[in-house]
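Quick notes on the structure that follows.
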Amino acid sequence: MSTLVCSLDEVGRGDLSLVGGKGANLGELRRVEGAAVPDGLCVTTAAFERVVVGALGEALTQLQAPSADALAALRARVEALALPDELVAAIVGGLRALGGEGVWAVRSSAVAEDSAAASFAGQSDTALNVVGEEAVLRALRGVWASLYTERAAVTLHQQGLPLGEARMAVVIQRMLRPQASGVMFTADPVTGHRRRVCVEAVLGLGDVFVSGRAQADRFAVRDGQLIERAIVPERVDAPALTDAQVLRLAALGRRVEAHFGSPQDIEWCFVDDTLHLVQSRPITTIFPPPAPADDNFHVYLSVGHQQMMTDPLRPLGRSFFLATALRPMVTAGGRLFVDVSRELRVPATRAAVMGAIGASDPLMGDALSVVIQRGELGPDLVVDGPTPPRSLAPPAPPPFVDDPGLVPALIAEDEEEQRGVAAELQRRSGLDALAFIREDLVRLKQSLLEPRRGAVVMAGFGAAAWLNEKMKAWLGVTSAADTLTLSAPNNVTTEMGLALMRVADEIRPFPEVVRHLQTTTDARFWRGLLTLDGGPQVHAALAGFIARYGARCVGEIDITRPRFAESPTALTPLLLTNIQHAQPGEAERRVARGLAAAQAMEAELLTRLGALPDGEAKVAETQAMIRRLRALTGYREHPKFKIVRRYWAYKQALLAELDKLVAEGALATPDDAWFLTLDELHELIETRRPNPTQLRARRAEHSHHTRLTPPRVLTSDGESVAGAYRRGQVPEGALVGLPVSVGVVEGRARVALDLKDARVEAGDILVTTFTDPSWTPLFVHLKALVTEVGGLMTHGAVIARELGVPAVVAVVGATRQIRDGQRVRVDGTLGTVELLD
């Protein structure tokens with residue numbers, strides 16, 4: 001094998017760095033039984049390094065954010081390069097060895113291209129119908145030059161690859177004159193279904209389809225059977241492929257998939273009924289199914305959609321979350337899922353699951369209905385012994401839940417427990433600290449399962465449901481509980497937002513401190529604050545806030561995410577928003593307004609109830625439920641707060657150990673540990689022997705997972721099942737979601753994908769993917785909330801109701817369909833968002 005030029009027969013998937021993704025895959029494809037692949041050469045990355053990098057040199061090292069003019073100048077230089085005699089001789093000799101005469105395709109094969117984690121397809125040029133040796137050499141330079149186009153630069157940047165460090169090989173492959181050609185996906189590229197092979201076919205060369213100049217026939221094959229067939233109308237009697245050819249394609253596709261070990265996107269063509277494959281690359285956009293536990297059909301529900309954090313968790317984050325999870329979970333695409341297959345196969349539990357899920361997340365519920373209606377779960381299971389009741393009404397709460405001192409007592413117990421854990425961890429180090437953490441994770445889970453805590457949360461939910469149902473039936477009042485929970489006590493998340501408003505009150509009088517917050521970094525956040533006018537006073541207020549809420553952050557269920565205590569600048573946009581858009585004492589006024597509104601609603605309801613038949617009994621029952629609701633609903637946020645505070649105590653102890661590992665050279669940075677499981681971290685602390693290859697692979701895998709969109713419902717066939725809202729009376733053109741906090745408002749939409757980028761003013765409508773408790777301080781300024789993820793009882797919904805902010809959640813594609821600054825109408829009663837301009 002030459003270092004500059006080699007044949008496809010000389011390379012395989014292990015030669016990615018030398019011949020790029022396309023070249024490596026083509027070489028590997030020639031090893032698949034029954035796969036005919038046209039002959040070709042690879043001009044290697046070593047040739048690119050010698051010719052292009054050698055000529056451009058310093059110009060490449062300066063490519064940080066190149067302009068269009070700078071890129072154009074680079075392309076011109078590459079296209080004008082003189083090729084070394086050795087390279088020319090190798091290319092010409094290789095072509096002649098393949099028969100010399102003929103028509104060639106000259107295509108890019110970048111190192112980043114067609115890998116399992118990323119696709120670079122279409123970003124560099126391809127030259128087709130190239131005839132003659134001189135034309136091939138010109139096309140080679142043109143393909144090299146196309147690495148420096150704007151589209152390629154953007155794609156590389158998105159994948160975190162510096163353009164100046166990118167390297168390209170080039171494939172020169174004999175072109176065929178096919179009767180039909182096209183693409184084949186060995187998994188459905190839209191739904192991810194692994195048992196569906198999807199084929200698209202056109203007459204002649206496939207470039208007419210890729211370029212959009214021709215419409216394709218479409219076929220689908222499942223388990224060796226042709227199940228779908230859509231032929232272009234003008235040739236309905238003469239499709240591009242016969243059914244037999246489609247089945248041959250699918251069978252060969254399955255062999256290719258088995259050889260490569262993952263679903264493939266395959267380019268193919270038929271020449272005189274001989275099937276040729278001209279490329280195969282991994283499908284990088286579909287969500288991976290969990291590792292199979294058996295051969296049965298399984299249905300999984302996304303945990304992230306319930307936890308309002310659909311980003312992937314790093315391995316250590318998953319380890320900790322799984323240690324405290326209240327039921328078994330599986331991992332897929334860096335996210336966690338719950339297997340509900342058995343519950344869906346048992347009629348009684350199926351009714352309970354469908355009712356609960358349908359109420360909290362209608363899209364998830366509808367997707368489950370689709371799966372059930374298709375009959376893929378198999379026959380119902382007969383379960384011996386008693387089965388859960390079919391009624392979804394919560395069981396009667398135990399008498400102790402109406403004890404007014406119960407919630408304060410539970411909170412006090414949590415505080416004492418937290419202080420004890422923190423003190424114990426301060427006394428331990430190394431494996432001793434890690435052993436304590438693992439033991440305490442068991443205690444934490446047991447504490448979360450303690451009956452009183454579950455009873456309080458469920459009784460609060462039950463009181464809200466009872467009030468909403470009865471007030472609607474008796475008085476025609478919709479979502480009465482939303483107003484009755486305003487300014488309810490003991491909600492730690494709402495209290496955090498109000499506490500930050502009070503911190504802003506301390507900062508507002510001191511312009512020097514405000515300027516410091518506008519320009520500071522995490523490293524300088526505290527440093528120098530005490531020297532500013534008002535600094536000591538502000539320092540004390542901020543330190544008090546961090547002491548109470550510093551364990552929180554965006555994506556807080558992942559222990560690896562930086563906490564407010566680690567990254568205090570995450571608070572600066574929230575503080576500056578409060579300083580600009582709130583007046584001193586606004587926190588107290590908001591509490592008073594909410595309490596007054598709740599009391600007024602209670603008085604109105606009781607007065608109207610008293611006038612009804614049997615009014616005295618209705619009043620007494622309603623009063624009791626309102627007392628229960630206001631006493632218990634705030635505790636709903638405490639279990640999660642307890643978990644994240646415990647995580648922060650654990651993390652501080654771990655960071656001390658990780659600093660030692662970095663100092664000893666066992667880790668490059670503390671962040672490396674986030675890509676280890678808890679067991680692997682234990683082994684590293686014990687042995688001091690890292691696995692750098694594993695860490696690099698885990699980082700790359702996590703980067704790939706961040707680009708995937710997790711489904712609400714996933715099957716073991718890999719299918720992402722999409723649900724739909726089944727609802728009438730929706731305004732024309734409106735976006736539909738789940739109504740979770742009543743009210744109809746109009747205002748300016750502020751689209752924010754990350755808390756640090758959220759710039760809202762009083763009266764704005766926040767539109768985002770999801771919110772967790774770290775977003776709560778913004779809620780006090782919002783006119784309404786719209787999210788892509790969420791359910792009736794998820795964080796954003798609960799807090800929106802308690803603050804009286806109309807909200808619609810689970811609006812699919814809201815951040816793409818709503819423009820930042822666009823005027824919208826949010827109906828938190830109907831569950832719609834109308835675009836007004």
Side-chain angles (χ1 to χ4, degrees), residues 187-196 262-263 283 285-315 317-319 321-346 349-381 557-558 701-702 704-724 770 788-791 793-794 810 812:
D188 190 311
V190 177
T191 68
H193 201 303
R194 296 325 195 257
R195 290 168 62 191
R196 282 173 58 95
S262 66
I283 305 175
T285 56
I286 56 177
F287 201 84
D294 52 43
D295 293 332
N296 296 326
F297 181 81
H298 292 266
V299 182
Y300 308 98
L301 302 185
S302 166
V303 173
H305 283 80
Q306 295 298 312
Q307 287 291 331
M308 295 292 280
M309 212 290 276
T310 55
D311 294 342
L313 283 75
R314 295 172 181 83
R318 292 199 299 273
S319 287
F321 191 81
L322 287 170
T324 53
L326 302 185
R327 63 173 294 166
M329 297 177 182
V330 296
T331 299
R335 281 82 168 182
L336 295 172
F337 292 81
V338 172
D339 187 343
V340 293
S341 310
R342 181 175 175 80
E343 288 96 325
L344 294 179
R345 291 187 64 192
V346 177
T349 55
R350 178 167 64 236
V353 169
M354 293 299 296
I357 294 298
S360 67
D361 189 332
L363 289 177
M364 189 177 284
D366 188 69
L368 285 179
S369 295
V370 169
V371 174
I372 292 170
Q373 290 165 8
R374 293 194 307 217
E376 294 175 298
L377 283 161
D380 288 348
L381 288 177
I557 64 171
D558 183 348
E701 181 182 55
H702 180 74
H704 172 54
H705 289 160
T706 61
R707 296 192 290 272
L708 299 177
T709 301
R712 283 176 164 80
V713 175
L714 180 67
T715 74
S716 50
D717 287 335
E719 182 183 10
S720 298
V721 186
F770 59 83
E788 294 182 341
V789 174
M793 298 312 298
T794 47
V812 177

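Below, each value reflects all heavy atoms present in this structure, side chains not excepted, and no hydrogens, waters or symmetry copies.
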Result block: side-chain N/O donor-acceptor pairs under 3.5 angstrom for residues 354-362, not counting sequence neighbours:
unit_1	atom_1	unit_2	atom_2	d
S360	OG	A356	O	3.3
S360	OG	I357	O	3.4
D361	OD1	L363	N	3.3
D361	OD1	M364	N	3.2
D361	OD1	R712	NE	3.3
D361	OD2	R712	NE	3.2

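Under the 4.5 Å side-chain criterion, counting only non-hydrogen atoms from C-beta, F337 is not in contact with L301. Annotation: side chain of Y300 is in contact with side chain of V330 (closest heavy-atom distance under 4.5 Å). No side-chain heavy atom of L714 sits less than 4.5 Å from a side-chain heavy atom of V721. Taking 4.5 Å as the limit, every side-chain heavy atom of V299 sits out of range of all side-chain heavy atoms of S716. A 4.5 Å side-chain heavy-atom check between I372 and L344 finds at least one atom pair inside the cut-off. The side-chain heavy atoms of R318 and L336, taken from C-beta on, include a pair separated by under 4.5 Å. Put simply, the side chain of R314 reaches to within 4.5 Å of the side chain of D558, judged on heavy atoms.
In this structure, P312 and T706 approach most closely via the heavy-atom pair CG-CG2, 3.6 Å. Closest non-hydrogen pair, P288 versus A332, comes out as O-CB, 3.3 Å. The minimum heavy-atom distance between A187 and G192, with the atom names listed, is CB-O, 4.3 Å. The minimum heavy-atom distance linking D188 with I286 is given by the pair O-CG2, 3.7 Å. Between R194 and G718, the closest heavy-atom pair is NH1-O, 3.4 Å. Scanning both residues, F287 and T709, for their nearest heavy atoms gives CD1-O, 3.7 Å.
Between the side chain of D717 and the backbone N or O of E719, no donor-acceptor pair lies under 3.5 Å. Although no hydrogens or angles enter the test, the distance criterion places no donor-acceptor pair under 3.5 Å between the side chain of R350 and the main chain of E343. Remark: side-chain polar atoms of T191 are not paired, donor with acceptor, to backbone N or O of S720 under 3.5 angstrom. Distance alone, capped at 3.5 Å, is enough to place a donor-acceptor pair between the R335 side chain and the H705 backbone.
How far CG of N296 is from CZ of R342: 11.5 Å, rounded to the nearest 0.5 Å. The CZ atom of R345 sits 11.0 Å away from the CZ atom of F297 when rounded to the nearest 0.5 Å.
For the salt bridge (charged side-chain N to carboxylate O under 4.0 Å, His left out) test, no residue two or more places apart in sequence or in another chain qualifies with D339.
Ion pairing of E376 with R195 is absent here, as no side-chain N (NZ or NE/NH1/NH2) approaches a carboxylate O to less than 4.0 Å.
Evaluation of the side chain to side chain donor-acceptor pair (under 3.5 Å) test over residues 303-313, restricted to residues two or more places apart or in two chains, returns S302-H305, D311-R561.
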